[in-house]
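Structure record follows, encoded as C-alpha cells.
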Amino acid sequence: MRASLLRTGASSAASGGEFRRFEACSREVDMQAKDIMTSHPRCCAAGDSVEAVAALMREADVGEIPVVDAQRKLLGVITDRDIIVRCVAAGDAPGSSRVQDYMTAPAQQLGEDASLEQLANLMVHEAIRRVPITDGEGRLSGMVALADLERTKARSLKSRIARGVSRPP
C-alpha cells in the first residue's frame, strides 16, 4: 500500500491547513488518468460566443468546457459558474460575449500518465472538480471529473476528494 497526503481545510501549505493521510490500494495506485478519463470531450474556441458554449454544456450535460486552439492545445476552460458570475451577473449579453473574456486561463491540467493520487492532490489543492488531460504535446485528450473516479474502484478516494473540493473558500 502507498500512502499520500491530501490537504483539507486551507488552500495552501503556508496557511496551516490540516493534512489527512489516505491509503490507496495498489490497484488504484497503478491506474492513470488515461484509464478513467472521458476521451474526446466537447470543446470550444476562445472566439466562440458564451451563449453557444452554454448551449453546448446543456446538450452534453457538463459544467465545464475546455477551450482549445485549432491544434487542440489547451488554452483554458470555461465553466457554468464562469458564465453566470462573470458574464450574466455582470450584465453582459451571452450572445455577443466571447469565451476568451470569461474563461479561466491557464487551466490546471495533467498528462495522460498522471496517477489517481496526482489527480486527487490537484483536485483537493486547487478545489476543482474537473481536470483537463493532455497528451505529450499539450493537446487535449480527455477530462477527468469526480464522476469518473466514482466509476472506478477508487470510490473512497473520490469521497475524500469531494470533501476537499466542497470546502468553503
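As a basis for the values below, the full set of heavy atoms in this structure was taken, side chains included, without hydrogen atoms, waters or symmetry mates.
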Self-check item: Nearest-0.5 Å distance, SG of residue Cys87 to CD of residue Glu51
Solution: 9.5 Å
Quiz item: For the atom pair CD (Gln108) and NE2 (His125), what is the distance rounded to the nearest 0.5 Å?
Solution: 9.0 Å
Practice problem: Answer yes or no: is there a donor N or O on one side and an acceptor on the other, between the side chain of Thr79 and the main chain of Asp82, under 3.5 Å? | Solution: yes
Exercise. Could you tell me the separation between the OG1 atom of Thr134 and the CE atom of Met37, rounded to the nearest 0.5 Å?
Key: 9.5 Å
Self-check item: Approximate separation, where rounding is to 0.5 Å, of Ile133 CD1 and Glu112 CD
Solution: 8.0 Å
Practice problem: For residues Ser49 and Val99, report the shortest heavy-atom separation together with the two atoms involved. | Solution: O-CG2, 4.1 Å
Quiz item: Any donor-acceptor pair under 3.5 Å linking the side chain of Asp35 with the backbone of Gln32?
Solution: yes
Quiz item: Is Leu116 linked to Val131 within one hydrophobic cluster, defined over Ile, Leu, Val, Met, Phe, Trp and Tyr using a side-chain heavy-atom separation of less than 4.5 Å?
Solution: yes
Quiz prompt | Atom of Ile36, atom of Met31 and distance for their closest heavy-atom approach | solution = CG2-CE, 3.3 Å
Quiz prompt | Hphob cluster co-occupancy, Met103 + Leu74, side-chain heavy atoms under 4.5 angstrom | solution = no
Quiz prompt | Shortest non-hydrogen contact from Ala33 toward Gly111 | solution = CB-O, 3.8 Å
Self-check item: Pro41 vs Leu140 side-chain heavy atoms within contact, under 4.5 Å
Solution: yes
With a 3.5 Å cut-off and sequence neighbours excluded, list the donor-acceptor pairs that the side chains of residues 52-73 form with protein atoms.
{"from": "Asp69", "atom 1": "OD1", "to": "Gln71", "atom 2": "N", "distance (Å)": "2.9"}
{"from": "Asp69", "atom 1": "OD1", "to": "Arg72", "atom 2": "N", "distance (Å)": "3.2"}
{"from": "Asp69", "atom 1": "OD1", "to": "Lys73", "atom 2": "N", "distance (Å)": "2.9"}
{"from": "Lys73", "atom 1": "NZ", "to": "Glu137", "atom 2": "O", "distance (Å)": "3.1"}

Quiz item: Do Tyr102 and Ile83 come within less than 4.5 Å of each other through their side chains, counting heavy atoms only?
Solution: no
Practice problem: Calculate, to the nearest 0.5 Å, the distance between atoms OG1 and CD1 belonging to Thr104 and Ile78 respectively. | Solution: 8.0 Å
Quiz prompt | Straight-line distance of Ser39 OG to Met143 CE, nearest 0.5 Å | solution = 12.0 Å
Quiz item: Taking all non-hydrogen atoms of both residues, which atom of Met123 and which atom of Val144 are closest, and how far apart?
Solution: CE-O, 3.7 Å
Self-check item: Minimum heavy-atom distance Arg86-Ala90, with the two atoms named
Solution: O-CB, 3.4 Å
Quiz prompt | Partners meeting side chain to side chain donor-acceptor pair (under 3.5 Å) with Asp48 (sequence neighbours left out) | solution = none
Exercise. Work out which heavy atom in Lys34 is nearest to a heavy atom in Asp113; give both atom names and the distance.
Key: NZ-OD1, 3.0 Å
